[in-house]
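Everything below concerns the one structure shown next.
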Amino acid sequence: MTETTKSSLIERVPSLERLTRPFIDGGFVDARSSGTFENISPVNGDRLPDVASGDAADIDAAVASARRSFEMGDWRRRTPRERKIVLQRFGRILRDNTEELAALLAVEMGKPVKDGRWEVDFSATVLEWFGEAVDHLYDEVAPIGEVGHATITRVPVGVAGAIIPWNYPLLMAAVKLAPALASGNSMVLKPAEQTPAVALRVAELALEAGVPAGVLNVVPGLGHTAGKALAEHLDVDAIGFTGSTSVGRLVMKAAAESNLKKVSLELGGKSPALVLADAADMLDLVAAKTAESVFGNAGQMCDSSTRLIVHESLADEVVERLGAVAADWQPGDPFDDATTMGAIIEARQLERIMGFIAGAEPGGASIAHGGNQVRQETGGFYVEPTVIRGVTNDMDIARKEIFGPVLSVITFSDDEEGLRIANDTSYGLAAKMWTGDLKKAHRISRELRAGAVLVNGDELFDVTLPHGGFKQSGIGRDYSHHAFDNWTQLKSTYINLM
Ligand code: NAD
(Lines give C-alpha, C1' and ligand atoms only; values in the text may rest on other atoms or scores of the structure.)
Protein backbone atom coordinates (compact mmCIF):
# COMPACT_ATOMS: atom_id res chain seq x y z
CA MET A 1 0.00 0.00 0.00
CA THR A 2 1.34 3.46 -0.90
CA GLU A 3 1.03 6.50 1.31
CA THR A 4 0.75 10.00 -0.09
CA THR A 5 3.20 12.32 1.58
CA LYS A 6 3.12 16.11 1.86
CA SER A 7 4.73 17.92 -1.09
CA SER A 8 3.93 15.07 -3.45
CA LEU A 9 0.49 16.35 -4.40
CA ILE A 10 1.57 18.99 -6.89
CA GLU A 11 4.02 16.54 -8.44
CA ARG A 12 1.08 14.24 -9.08
CA VAL A 13 -0.99 16.97 -10.76
CA PRO A 14 1.28 19.74 -12.01
CA SER A 15 -1.68 21.52 -13.69
CA LEU A 16 -2.83 22.55 -10.18
CA GLU A 17 -0.31 25.37 -10.28
CA ARG A 18 -1.97 27.14 -13.21
CA LEU A 19 -5.63 26.33 -12.37
CA THR A 20 -6.02 29.28 -10.02
CA ARG A 21 -7.50 32.15 -12.07
CA PRO A 22 -10.90 32.88 -13.63
CA PHE A 23 -11.51 31.44 -17.09
CA ILE A 24 -13.29 34.17 -19.06
CA ASP A 25 -13.80 34.63 -22.79
CA GLY A 26 -11.79 31.57 -23.73
CA GLY A 27 -8.75 31.89 -21.48
CA PHE A 28 -7.35 32.36 -18.00
CA VAL A 29 -7.34 36.00 -16.90
CA ASP A 30 -6.13 37.89 -13.86
CA ALA A 31 -8.96 38.39 -11.43
CA ARG A 32 -10.31 41.95 -11.01
CA SER A 33 -10.33 41.22 -7.31
CA SER A 34 -6.89 41.10 -5.71
CA GLY A 35 -7.99 38.63 -3.02
CA THR A 36 -7.12 34.95 -2.90
CA PHE A 37 -8.28 32.03 -0.79
CA GLU A 38 -6.41 29.02 0.55
CA ASN A 39 -7.01 25.64 -1.03
CA ILE A 40 -6.20 22.93 1.53
CA SER A 41 -6.01 19.29 0.45
CA PRO A 42 -7.98 16.99 2.75
CA VAL A 43 -5.65 14.15 1.73
CA ASN A 44 -2.91 15.39 4.08
CA GLY A 45 -3.73 18.99 5.05
CA ASP A 46 -1.22 20.29 2.50
CA ARG A 47 -1.70 23.85 1.26
CA LEU A 48 -2.24 23.83 -2.50
CA PRO A 49 -1.64 26.95 -4.60
CA ASP A 50 -3.86 29.84 -3.46
CA VAL A 51 -6.79 30.58 -5.75
CA ALA A 52 -8.11 33.94 -7.00
CA SER A 53 -11.15 34.90 -5.00
CA GLY A 54 -13.42 36.17 -7.74
CA ASP A 55 -15.88 38.81 -6.62
CA ALA A 56 -18.73 40.86 -8.12
CA ALA A 57 -16.42 42.52 -10.67
CA ASP A 58 -15.17 39.13 -11.92
CA ILE A 59 -18.72 37.81 -12.13
CA ASP A 60 -19.64 40.96 -14.10
CA ALA A 61 -16.83 40.29 -16.56
CA ALA A 62 -17.85 36.64 -16.94
CA VAL A 63 -21.52 37.51 -17.41
CA ALA A 64 -20.60 40.16 -19.98
CA SER A 65 -18.55 37.58 -21.88
CA ALA A 66 -21.42 35.08 -21.78
CA ARG A 67 -23.89 37.75 -22.92
CA ARG A 68 -21.64 38.80 -25.80
CA SER A 69 -21.24 35.26 -27.02
CA PHE A 70 -24.98 34.66 -26.73
CA GLU A 71 -25.84 37.77 -28.70
CA MET A 72 -23.24 36.96 -31.37
CA GLY A 73 -25.02 33.65 -31.70
CA ASP A 74 -22.15 31.45 -32.85
CA TRP A 75 -23.25 28.75 -30.40
CA ARG A 76 -27.01 29.22 -30.05
CA ARG A 77 -27.54 29.42 -33.81
CA ARG A 78 -25.79 26.14 -34.51
CA THR A 79 -28.09 23.26 -35.26
CA PRO A 80 -28.68 20.84 -32.39
CA ARG A 81 -26.66 18.29 -34.37
CA GLU A 82 -23.67 20.63 -34.53
CA ARG A 83 -23.84 21.22 -30.78
CA LYS A 84 -24.19 17.49 -30.25
CA ILE A 85 -20.93 16.85 -32.10
CA VAL A 86 -19.12 19.29 -29.80
CA LEU A 87 -20.64 17.84 -26.62
CA GLN A 88 -19.75 14.33 -27.68
CA ARG A 89 -16.20 15.43 -28.40
CA PHE A 90 -16.18 17.12 -24.97
CA GLY A 91 -17.18 13.81 -23.36
CA ARG A 92 -14.45 11.99 -25.22
CA ILE A 93 -11.86 14.57 -24.16
CA LEU A 94 -12.88 14.15 -20.53
CA ARG A 95 -12.32 10.42 -20.88
CA ASP A 96 -8.93 11.00 -22.54
CA ASN A 97 -7.92 13.03 -19.47
CA THR A 98 -9.27 10.58 -16.90
CA GLU A 99 -6.09 10.14 -14.91
CA GLU A 100 -5.43 13.85 -14.51
CA LEU A 101 -9.05 14.63 -13.60
CA ALA A 102 -9.24 11.74 -11.13
CA ALA A 103 -6.01 12.98 -9.53
CA LEU A 104 -7.42 16.51 -9.26
CA LEU A 105 -10.54 15.11 -7.61
CA ALA A 106 -8.35 13.16 -5.18
CA VAL A 107 -6.12 16.12 -4.32
CA GLU A 108 -8.88 18.69 -3.90
CA MET A 109 -11.58 16.65 -2.23
CA GLY A 110 -9.92 13.45 -1.03
CA LYS A 111 -11.96 11.23 -3.35
CA PRO A 112 -10.40 7.80 -4.02
CA VAL A 113 -8.93 7.73 -7.55
CA LYS A 114 -11.06 4.71 -8.31
CA ASP A 115 -14.21 6.75 -7.63
CA GLY A 116 -12.71 9.69 -9.50
CA ARG A 117 -12.37 7.55 -12.62
CA TRP A 118 -16.04 6.61 -12.30
CA GLU A 119 -16.96 10.29 -11.92
CA VAL A 120 -15.06 11.20 -15.09
CA ASP A 121 -16.71 8.40 -17.04
CA PHE A 122 -20.21 9.26 -15.82
CA SER A 123 -19.69 12.99 -16.43
CA ALA A 124 -18.65 12.17 -20.00
CA THR A 125 -21.80 10.06 -20.37
CA VAL A 126 -23.90 12.99 -19.19
CA LEU A 127 -22.35 15.32 -21.79
CA GLU A 128 -22.77 12.75 -24.54
CA TRP A 129 -26.34 11.92 -23.55
CA PHE A 130 -27.51 15.54 -23.53
CA GLY A 131 -25.74 16.12 -26.84
CA GLU A 132 -27.69 13.22 -28.31
CA ALA A 133 -30.93 14.20 -26.53
CA VAL A 134 -31.05 17.72 -27.92
CA ASP A 135 -30.81 16.27 -31.40
CA HIS A 136 -33.98 14.28 -30.69
CA LEU A 137 -36.05 17.04 -29.20
CA TYR A 138 -38.99 18.05 -31.37
CA ASP A 139 -40.97 21.26 -31.04
CA GLU A 140 -44.77 21.33 -31.23
CA VAL A 141 -47.39 22.59 -33.65
CA ALA A 142 -50.48 23.80 -31.80
CA PRO A 143 -53.92 22.61 -33.02
CA ILE A 144 -55.35 26.10 -33.66
CA GLY A 145 -57.17 25.29 -36.87
CA GLU A 146 -56.86 26.86 -40.30
CA VAL A 147 -56.77 30.47 -39.09
CA GLY A 148 -53.06 30.31 -38.56
CA HIS A 149 -49.98 28.33 -37.92
CA ALA A 150 -48.75 28.21 -34.34
CA THR A 151 -45.63 26.59 -32.99
CA ILE A 152 -44.45 26.01 -29.44
CA THR A 153 -40.67 26.02 -29.41
CA ARG A 154 -38.05 25.62 -26.71
CA VAL A 155 -35.53 28.44 -26.76
CA PRO A 156 -32.43 28.89 -24.60
CA VAL A 157 -32.85 31.22 -21.60
CA GLY A 158 -29.78 33.25 -22.60
CA VAL A 159 -27.11 33.59 -19.94
CA ALA A 160 -27.24 30.67 -17.53
CA GLY A 161 -25.53 30.70 -14.13
CA ALA A 162 -24.59 27.58 -12.19
CA ILE A 163 -23.39 27.31 -8.60
CA ILE A 164 -22.19 23.88 -7.53
CA PRO A 165 -20.90 22.04 -4.43
CA TRP A 166 -17.66 20.16 -3.87
CA ASN A 167 -18.86 16.60 -3.35
CA TYR A 168 -18.90 15.67 -7.07
CA PRO A 169 -16.95 18.61 -8.48
CA LEU A 170 -16.88 17.29 -12.03
CA LEU A 171 -20.24 15.56 -12.22
CA MET A 172 -22.12 18.50 -10.70
CA ALA A 173 -20.52 20.74 -13.33
CA ALA A 174 -21.40 18.31 -16.14
CA VAL A 175 -24.98 17.97 -14.95
CA LYS A 176 -25.50 21.74 -15.26
CA LEU A 177 -23.43 22.40 -18.38
CA ALA A 178 -24.67 19.51 -20.48
CA PRO A 179 -28.35 20.51 -20.77
CA ALA A 180 -27.60 24.25 -20.62
CA LEU A 181 -25.00 24.16 -23.40
CA ALA A 182 -26.90 21.57 -25.44
CA SER A 183 -29.87 23.91 -25.59
CA GLY A 184 -27.74 26.84 -26.79
CA ASN A 185 -27.11 28.96 -23.70
CA SER A 186 -23.92 30.74 -22.71
CA MET A 187 -22.84 30.14 -19.13
CA VAL A 188 -21.05 31.26 -16.00
CA LEU A 189 -20.10 28.53 -13.54
CA LYS A 190 -19.12 29.19 -9.92
CA PRO A 191 -17.48 26.08 -8.44
CA ALA A 192 -17.25 25.39 -4.71
CA GLU A 193 -14.28 27.05 -3.02
CA GLN A 194 -12.94 23.65 -1.97
CA THR A 195 -12.71 22.36 -5.56
CA PRO A 196 -11.96 25.14 -8.03
CA ALA A 197 -9.24 23.48 -10.11
CA VAL A 198 -11.38 20.67 -11.51
CA ALA A 199 -13.94 23.16 -12.84
CA LEU A 200 -11.25 25.40 -14.33
CA ARG A 201 -9.75 22.42 -16.13
CA VAL A 202 -13.21 21.55 -17.46
CA ALA A 203 -13.46 25.04 -19.00
CA GLU A 204 -10.17 24.49 -20.81
CA LEU A 205 -11.27 21.10 -22.07
CA ALA A 206 -14.60 22.53 -23.27
CA LEU A 207 -12.70 25.03 -25.39
CA GLU A 208 -10.54 22.22 -26.76
CA ALA A 209 -13.73 20.34 -27.65
CA GLY A 210 -14.97 23.30 -29.70
CA VAL A 211 -17.24 25.20 -27.30
CA PRO A 212 -16.65 28.78 -28.54
CA ALA A 213 -14.83 31.31 -26.37
CA GLY A 214 -17.21 33.10 -24.00
CA VAL A 215 -19.83 30.35 -24.02
CA LEU A 216 -18.46 28.73 -20.85
CA ASN A 217 -16.86 30.96 -18.22
CA VAL A 218 -15.73 29.77 -14.79
CA VAL A 219 -15.13 32.09 -11.84
CA PRO A 220 -13.61 30.62 -8.67
CA GLY A 221 -14.64 32.44 -5.51
CA LEU A 222 -16.41 32.32 -2.20
CA GLY A 223 -20.12 31.78 -1.82
CA HIS A 224 -21.02 35.05 -0.15
CA THR A 225 -19.12 37.08 -2.77
CA ALA A 226 -18.91 35.35 -6.18
CA GLY A 227 -21.88 33.04 -5.59
CA LYS A 228 -24.07 35.84 -4.30
CA ALA A 229 -23.06 38.15 -7.17
CA LEU A 230 -24.05 35.50 -9.72
CA ALA A 231 -27.38 34.73 -8.02
CA GLU A 232 -28.37 38.39 -7.90
CA HIS A 233 -26.95 39.44 -11.26
CA LEU A 234 -29.43 41.40 -13.35
CA ASP A 235 -28.15 39.98 -16.65
CA VAL A 236 -28.31 36.29 -15.70
CA ASP A 237 -31.51 34.67 -16.98
CA ALA A 238 -31.49 31.41 -15.03
CA ILE A 239 -29.58 30.03 -12.10
CA GLY A 240 -29.10 26.36 -11.36
CA PHE A 241 -27.90 25.71 -7.83
CA THR A 242 -26.79 22.51 -6.15
CA GLY A 243 -25.85 22.70 -2.48
CA SER A 244 -27.30 23.00 1.00
CA THR A 245 -30.91 23.92 1.69
CA SER A 246 -29.86 27.01 3.66
CA VAL A 247 -27.84 28.45 0.75
CA GLY A 248 -30.54 27.38 -1.72
CA ARG A 249 -32.91 29.62 0.18
CA LEU A 250 -30.49 32.57 -0.23
CA VAL A 251 -30.16 31.89 -3.95
CA MET A 252 -33.92 31.91 -4.39
CA LYS A 253 -34.18 35.13 -2.42
CA ALA A 254 -31.42 36.75 -4.50
CA ALA A 255 -33.26 35.76 -7.67
CA ALA A 256 -36.54 37.13 -6.33
CA GLU A 257 -34.99 40.42 -5.26
CA SER A 258 -33.03 40.99 -8.48
CA ASN A 259 -34.54 40.12 -11.87
CA LEU A 260 -36.78 37.12 -11.04
CA LYS A 261 -34.43 34.83 -12.93
CA LYS A 262 -35.53 31.25 -13.36
CA VAL A 263 -34.34 29.12 -10.41
CA SER A 264 -33.67 25.41 -10.06
CA LEU A 265 -32.42 24.01 -6.76
CA GLU A 266 -30.92 20.61 -5.92
CA LEU A 267 -30.59 20.65 -2.14
CA GLY A 268 -29.92 18.51 0.91
CA GLY A 269 -31.41 15.22 2.02
CA LYS A 270 -31.92 12.87 4.95
CA SER A 271 -33.15 9.93 2.99
CA PRO A 272 -34.88 6.94 4.58
CA ALA A 273 -34.40 3.28 3.65
CA LEU A 274 -37.24 1.12 4.96
CA VAL A 275 -36.48 -2.54 5.64
CA LEU A 276 -39.79 -4.38 5.98
CA ALA A 277 -40.18 -7.53 8.07
CA ASP A 278 -40.50 -9.68 4.94
CA ALA A 279 -37.02 -8.65 3.70
CA ALA A 280 -35.30 -11.17 5.98
CA ASP A 281 -33.71 -13.06 3.09
CA MET A 282 -32.22 -9.90 1.54
CA LEU A 283 -30.17 -8.69 4.47
CA ASP A 284 -26.77 -9.23 2.85
CA LEU A 285 -27.85 -7.03 -0.05
CA VAL A 286 -29.42 -4.50 2.33
CA ALA A 287 -26.14 -4.24 4.27
CA ALA A 288 -23.95 -4.02 1.16
CA LYS A 289 -26.10 -1.42 -0.60
CA THR A 290 -26.64 0.65 2.54
CA ALA A 291 -22.89 0.73 3.17
CA GLU A 292 -22.28 1.82 -0.41
CA SER A 293 -24.89 4.56 -0.06
CA VAL A 294 -23.73 5.87 3.34
CA PHE A 295 -19.98 5.23 3.27
CA GLY A 296 -19.38 5.78 -0.46
CA ASN A 297 -17.82 9.21 -1.18
CA ALA A 298 -17.18 9.27 2.61
CA GLY A 299 -20.90 9.81 3.13
CA GLN A 300 -20.76 13.15 1.32
CA MET A 301 -23.75 12.42 -0.89
CA CYS A 302 -27.05 14.25 -0.98
CA ASP A 303 -29.18 11.15 -1.37
CA SER A 304 -27.39 8.74 0.97
CA SER A 305 -29.88 6.60 2.87
CA THR A 306 -28.68 7.86 6.23
CA ARG A 307 -31.80 6.74 8.11
CA LEU A 308 -32.10 2.96 7.98
CA ILE A 309 -35.58 2.26 9.28
CA VAL A 310 -35.66 -1.44 10.09
CA HIS A 311 -38.42 -3.70 11.30
CA GLU A 312 -37.63 -4.50 14.95
CA SER A 313 -37.42 -8.24 14.24
CA LEU A 314 -34.46 -7.69 11.88
CA ALA A 315 -32.53 -4.90 13.60
CA ASP A 316 -29.89 -7.04 15.40
CA GLU A 317 -29.15 -9.03 12.29
CA VAL A 318 -28.91 -5.93 10.06
CA VAL A 319 -26.58 -4.14 12.49
CA GLU A 320 -24.34 -7.22 12.69
CA ARG A 321 -24.08 -7.51 8.91
CA LEU A 322 -23.39 -3.78 8.58
CA GLY A 323 -20.46 -4.31 10.97
CA ALA A 324 -19.07 -6.97 8.65
CA VAL A 325 -19.33 -4.83 5.51
CA ALA A 326 -18.02 -1.70 7.26
CA ALA A 327 -14.65 -3.47 7.36
CA ASP A 328 -14.47 -2.99 3.58
CA TRP A 329 -14.92 0.78 3.93
CA GLN A 330 -12.03 1.70 6.23
CA PRO A 331 -10.55 5.05 5.15
CA GLY A 332 -7.31 4.90 3.20
CA ASP A 333 -4.99 6.91 1.00
CA PRO A 334 -7.15 8.32 -1.85
CA PHE A 335 -4.31 7.59 -4.30
CA ASP A 336 -4.26 3.91 -3.43
CA ASP A 337 -6.30 1.92 -5.96
CA ALA A 338 -7.58 -0.33 -3.18
CA THR A 339 -9.08 2.54 -1.16
CA THR A 340 -12.86 2.58 -0.99
CA MET A 341 -13.31 5.54 1.35
CA GLY A 342 -11.17 8.65 1.17
CA ALA A 343 -11.11 11.89 3.14
CA ILE A 344 -13.69 14.28 4.52
CA ILE A 345 -13.61 17.56 2.61
CA GLU A 346 -12.22 19.86 5.31
CA ALA A 347 -11.30 20.17 8.99
CA ARG A 348 -14.48 22.12 9.82
CA GLN A 349 -16.68 19.41 8.33
CA LEU A 350 -14.70 16.70 10.14
CA GLU A 351 -15.34 18.49 13.44
CA ARG A 352 -19.02 18.79 12.62
CA ILE A 353 -19.29 15.06 11.93
CA MET A 354 -17.40 14.18 15.11
CA GLY A 355 -19.78 16.49 17.00
CA PHE A 356 -22.81 14.54 15.77
CA ILE A 357 -21.15 11.25 16.72
CA ALA A 358 -20.20 12.58 20.17
CA GLY A 359 -23.78 13.67 20.79
CA ALA A 360 -25.28 10.28 19.91
CA GLU A 361 -24.75 8.37 23.19
CA PRO A 362 -25.64 11.22 25.56
CA GLY A 363 -28.78 11.57 23.41
CA GLY A 364 -29.78 7.94 24.11
CA ALA A 365 -28.42 6.08 21.05
CA SER A 366 -25.39 3.77 20.95
CA ILE A 367 -22.46 3.48 18.58
CA ALA A 368 -22.50 -0.02 17.13
CA HIS A 369 -19.52 0.32 14.77
CA GLY A 370 -16.79 2.90 14.17
CA GLY A 371 -17.21 6.40 15.54
CA ASN A 372 -13.58 7.51 15.46
CA GLN A 373 -11.39 9.91 13.59
CA VAL A 374 -8.51 7.97 12.03
CA ARG A 375 -5.29 8.51 10.06
CA GLN A 376 -4.48 11.71 11.98
CA GLU A 377 -0.80 11.00 11.34
CA THR A 378 -1.32 11.85 7.64
CA GLY A 379 -2.44 15.40 8.45
CA GLY A 380 -5.66 14.66 6.49
CA PHE A 381 -9.28 14.35 7.60
CA TYR A 382 -10.67 10.82 7.92
CA VAL A 383 -13.56 9.22 9.82
CA GLU A 384 -14.38 5.54 10.29
CA PRO A 385 -17.60 4.17 8.79
CA THR A 386 -20.00 4.60 11.68
CA VAL A 387 -23.26 2.85 12.55
CA ILE A 388 -25.41 4.24 15.35
CA ARG A 389 -28.31 2.19 16.67
CA GLY A 390 -31.16 2.91 19.05
CA VAL A 391 -31.80 6.16 17.20
CA THR A 392 -35.22 7.77 17.34
CA ASN A 393 -36.44 10.04 14.60
CA ASP A 394 -36.53 13.12 16.82
CA MET A 395 -32.77 13.03 17.51
CA ASP A 396 -30.43 15.47 15.79
CA ILE A 397 -28.61 12.63 14.00
CA ALA A 398 -31.92 11.58 12.43
CA ARG A 399 -33.07 15.06 11.46
CA LYS A 400 -29.99 16.95 10.30
CA GLU A 401 -27.90 16.27 7.26
CA ILE A 402 -24.51 15.11 8.64
CA PHE A 403 -22.73 14.71 5.29
CA GLY A 404 -20.30 12.11 6.59
CA PRO A 405 -20.10 8.29 6.82
CA VAL A 406 -22.64 8.03 9.63
CA LEU A 407 -25.69 5.77 9.54
CA SER A 408 -28.60 6.01 12.00
CA VAL A 409 -30.57 2.80 12.60
CA ILE A 410 -34.17 3.36 13.70
CA THR A 411 -36.68 0.57 14.38
CA PHE A 412 -40.41 0.26 13.80
CA SER A 413 -43.02 -2.33 14.64
CA ASP A 414 -45.57 -2.13 11.82
CA ASP A 415 -45.53 -0.86 8.22
CA GLU A 416 -47.64 2.21 8.94
CA GLU A 417 -45.23 3.31 11.65
CA GLY A 418 -42.24 2.69 9.36
CA LEU A 419 -43.81 4.76 6.60
CA ARG A 420 -44.69 7.56 9.01
CA ILE A 421 -41.07 7.72 10.27
CA ALA A 422 -39.72 7.63 6.70
CA ASN A 423 -41.83 10.64 5.70
CA ASP A 424 -41.24 12.53 8.94
CA THR A 425 -38.47 14.79 7.58
CA SER A 426 -38.26 18.23 6.03
CA TYR A 427 -36.35 16.70 3.10
CA GLY A 428 -37.56 14.57 0.19
CA LEU A 429 -34.71 13.72 -2.15
CA ALA A 430 -34.73 9.90 -2.22
CA ALA A 431 -36.33 7.01 -0.36
CA LYS A 432 -35.55 3.33 -0.50
CA MET A 433 -37.38 0.25 0.61
CA TRP A 434 -36.60 -3.41 0.86
CA THR A 435 -39.44 -5.93 0.69
CA GLY A 436 -40.27 -9.32 -0.77
CA ASP A 437 -43.93 -8.38 -1.16
CA LEU A 438 -44.84 -6.92 -4.55
CA LYS A 439 -48.10 -5.37 -3.35
CA LYS A 440 -46.33 -3.58 -0.52
CA ALA A 441 -43.63 -2.43 -2.93
CA HIS A 442 -46.31 -0.71 -5.02
CA ARG A 443 -48.44 0.57 -2.17
CA ILE A 444 -45.68 1.96 0.04
CA SER A 445 -43.58 3.40 -2.76
CA ARG A 446 -46.62 5.48 -3.76
CA GLU A 447 -46.78 6.92 -0.28
CA LEU A 448 -43.10 7.77 0.11
CA ARG A 449 -42.65 11.53 -0.35
CA ALA A 450 -39.43 11.78 -2.32
CA GLY A 451 -38.21 12.66 -5.80
CA ALA A 452 -36.86 9.13 -6.29
CA VAL A 453 -38.03 5.86 -4.74
CA LEU A 454 -35.90 2.77 -5.09
CA VAL A 455 -37.18 -0.68 -4.26
CA ASN A 456 -34.78 -3.56 -3.58
CA GLY A 457 -31.84 -1.80 -5.17
CA ASP A 458 -29.87 1.37 -5.26
CA GLU A 459 -29.30 2.32 -8.88
CA LEU A 460 -30.18 5.98 -8.53
CA PHE A 461 -27.66 7.49 -10.91
CA ASP A 462 -28.93 6.93 -14.37
CA VAL A 463 -28.82 9.85 -16.75
CA THR A 464 -32.29 8.95 -18.03
CA LEU A 465 -33.93 9.41 -14.61
CA PRO A 466 -34.84 12.88 -13.35
CA HIS A 467 -33.13 13.72 -10.07
CA GLY A 468 -34.45 16.27 -7.61
CA GLY A 469 -36.33 16.83 -4.43
CA PHE A 470 -39.74 17.09 -2.86
CA LYS A 471 -40.18 19.45 0.09
CA GLN A 472 -36.99 21.30 1.14
CA SER A 473 -34.77 19.14 -1.06
CA GLY A 474 -35.34 21.37 -4.03
CA ILE A 475 -37.19 22.64 -7.05
CA GLY A 476 -36.75 21.35 -10.61
CA ARG A 477 -34.97 18.29 -11.89
CA ASP A 478 -31.47 17.54 -13.16
CA TYR A 479 -30.70 14.66 -15.59
CA SER A 480 -33.14 13.30 -18.22
CA HIS A 481 -35.14 15.34 -20.75
CA HIS A 482 -36.77 17.16 -17.85
CA ALA A 483 -33.51 19.03 -17.17
CA PHE A 484 -34.11 21.06 -20.33
CA ASP A 485 -36.93 22.78 -18.43
CA ASN A 486 -34.31 24.48 -16.20
CA TRP A 487 -32.44 26.02 -19.12
CA THR A 488 -35.07 26.76 -21.77
CA GLN A 489 -38.24 28.79 -22.14
CA LEU A 490 -41.31 27.88 -24.13
CA LYS A 491 -42.20 30.29 -26.90
CA SER A 492 -45.51 30.39 -28.75
CA THR A 493 -45.31 31.81 -32.28
CA TYR A 494 -48.52 32.50 -34.14
CA ILE A 495 -48.65 33.28 -37.85
CA ASN A 496 -51.98 34.53 -39.08
CA LEU A 497 -53.05 32.75 -42.28
CA MET A 498 -56.34 34.53 -42.87
P1 NAD B 1 -23.10 24.87 0.17
O2 NAD B 1 -24.56 25.20 0.09
O3 NAD B 1 -22.35 25.33 1.36
O4 NAD B 1 -22.33 25.47 -1.10
C5 NAD B 1 -22.73 25.16 -2.42
C6 NAD B 1 -22.27 26.29 -3.33
O7 NAD B 1 -22.95 27.48 -2.97
C8 NAD B 1 -20.77 26.58 -3.25
O9 NAD B 1 -20.29 26.86 -4.54
C10 NAD B 1 -20.73 27.84 -2.39
O11 NAD B 1 -19.60 28.64 -2.61
C12 NAD B 1 -22.01 28.54 -2.83
N13 NAD B 1 -22.54 29.53 -1.90
C14 NAD B 1 -22.35 29.61 -0.56
N15 NAD B 1 -22.98 30.70 -0.07
C16 NAD B 1 -23.59 31.31 -1.12
C17 NAD B 1 -24.41 32.45 -1.25
N18 NAD B 1 -24.72 33.23 -0.22
N19 NAD B 1 -24.90 32.76 -2.48
C20 NAD B 1 -24.61 31.99 -3.55
N21 NAD B 1 -23.82 30.91 -3.49
C22 NAD B 1 -23.32 30.56 -2.28
O23 NAD B 1 -23.00 23.30 -0.03
P24 NAD B 1 -21.71 22.37 -0.01
O25 NAD B 1 -21.21 22.26 1.38
O26 NAD B 1 -20.77 22.82 -1.07
O27 NAD B 1 -22.32 20.96 -0.50
C28 NAD B 1 -23.02 20.11 0.33
C29 NAD B 1 -24.52 20.28 0.18
O30 NAD B 1 -24.88 20.08 -1.19
C31 NAD B 1 -25.30 19.24 0.95
O32 NAD B 1 -26.39 19.86 1.59
C33 NAD B 1 -25.78 18.27 -0.12
O34 NAD B 1 -26.92 17.55 0.22
C35 NAD B 1 -26.01 19.21 -1.26
N36 NAD B 1 -26.02 18.48 -2.53
C37 NAD B 1 -27.22 18.24 -3.16
C38 NAD B 1 -27.26 17.51 -4.35
C39 NAD B 1 -28.58 17.24 -5.04
O40 NAD B 1 -28.54 16.76 -6.18
N41 NAD B 1 -29.72 17.51 -4.45
C42 NAD B 1 -26.09 17.02 -4.91
C43 NAD B 1 -24.88 17.27 -4.25
C44 NAD B 1 -24.86 18.01 -3.06
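Counting starts at 1 for both ligands and their atoms, in listed order. These numbers were taken from a predicted model, which means no experiment stands behind them.
Ranking the protein heavy atoms by distance from atom 20 (C) of ligand 1 puts Gly227 C, 3.2 Å first. From the protein, the heavy atom lying nearest to atom 28 (C) of ligand 1 is Phe403 CE2, 3.5 Å. In terms of protein heavy-atom proximity, atom 9 (O) of ligand 1 is nearest to Ile164 O, 2.8 Å. Protein heavy atom nearest atom 17 (C) of ligand 1, with residue, atom name and distance: Gly223 O, 3.3 Å. Protein heavy atom in closest approach to atom 3 (O) of ligand 1: Ser244 OG, 4.0 Å. Counting protein heavy atoms only, atom 41 (N) of ligand 1 is closest to Leu267 O, 2.8 Å. At the top of the distance list for atom 12 (C) of ligand 1, counting protein heavy atoms only, stands Ile163 CG2, 3.6 Å. When hydrogens are left out, the protein atom nearest atom 38 (C) of ligand 1 is Cys302 SG, 3.1 Å; that is the closest non-hydrogen contact.
Ring geometry for Trp118 versus Tyr168: interplanar angle over 60°, hence perpendicular rather than tilted (30 to 60°).
Using a 4.0 Å cut-off to heavy atoms of Pro191, the atoms of ligand 1 that qualify are 9 (O). Using a 4.0 Å cut-off to heavy atoms of Lys190, the atoms of ligand 1 that qualify are 8 (C), 9 (O), 10 (C), 11 (O). Under a 4.0 Å criterion applied to the non-hydrogen atoms of Leu250, ligand 1 contributes the atoms 18 (N). Counting the atoms of ligand 1 from 1 in the order shown, those under 4.0 Å from a heavy atom of Val247 are 2 (O), 7 (O), 13 (N), 14 (C), 15 (N), 16 (C), 17 (C), 21 (N), 22 (C). Proximity to Leu429 (heavy-atom distance under 4.0 Å) selects the following atoms of ligand 1: 41 (N). If you number the atoms of ligand 1 from 1 as listed, the ones under 4.0 Å from a heavy atom of Pro165 come out as 24 (P), 26 (O), 27 (O), 43 (C), 44 (C). Per-residue contacts place His467 under 4.0 angstrom from the following atoms of ligand 1 (heavy atoms of the residue considered): 39 (C), 40 (O).
Annotation for Ala180 and Ala160: closest pair CB-CB, 4.5 Å, computed over non-hydrogen atoms. In this structure, Pro196 and Pro220 approach most closely via the heavy-atom pair CB-CB, 4.0 Å.
Contact check on Arg117 versus Glu99 returns a salt bridge, with a Lys/Arg side-chain nitrogen under 4.0 Å from an Asp/Glu carboxylate oxygen. A salt bridge does not link Asp394 to Arg399: none of the charged side-chain nitrogens sits closer than 4.0 Å to a carboxylate oxygen. Salt bridge annotation for Arg32-Asp60: absent, with no cationic side-chain nitrogen under 4.0 angstrom from a carboxylate oxygen. For Arg67 and Asp237, the salt-bridge test passes: some basic side-chain N is under 4.0 Å from an acidic carboxylate O. Ion pairing of Arg201 with Glu204 is present here, as a side-chain N (NZ or NE/NH1/NH2) and a carboxylate O approach within less than 4.0 Å.
The only option from Phe484, Tyr479, Phe90 that meets the ring pair (Phe, Tyr, Trp, His ring centres under 6.0 Å) definition with Phe130 turns out to be Phe484. Under the side-chain hydrogen bond (donor to acceptor under 3.5 Å, both in side chains) rule, Asp303 has a single partner from His467, Lys432, Lys270, which is His467. Here the options are Lys471, Glu401, Gln472, the test is side chain to side chain contact (heavy atoms under 4.5 Å, CB included), and the partner is Thr245; only Gln472 passes.
For the pair Arg12 and Phe335, the cation sits on the ring face: its NZ or CZ lies under 6.0 Å from the ring centre, inside 45° of the axis.
Of the polar atoms of Asn167, none of the N or O atoms is found under 3.5 Å from an N or O of ligand 1, judged by distance alone. The shortest N or O to N or O distance between Glu266 and ligand 1 is under 3.5 Å. Considering both main-chain and side-chain atoms, Thr242 never comes within under 3.5 Å of ligand 1 through any nitrogen or oxygen pair. By the 3.5 Å distance cut-off applied to N or O atoms, Gln194 is not counted among the residues near ligand 1. Close N/O approach between Trp166 and ligand 1 is found [any backbone or side-chain N/O within under 3.5 Å].
For atom 25 (O) of ligand 1, the nearest protein heavy atom lies closer than 4.0 Å.
In the model, Ser183 has no side-chain atom that pairs as donor or acceptor with a side-chain atom of Thr488 under 3.5 Å.
For the pair Phe241 and ligand 1, a heavy-atom separation below 4.0 Å is found.
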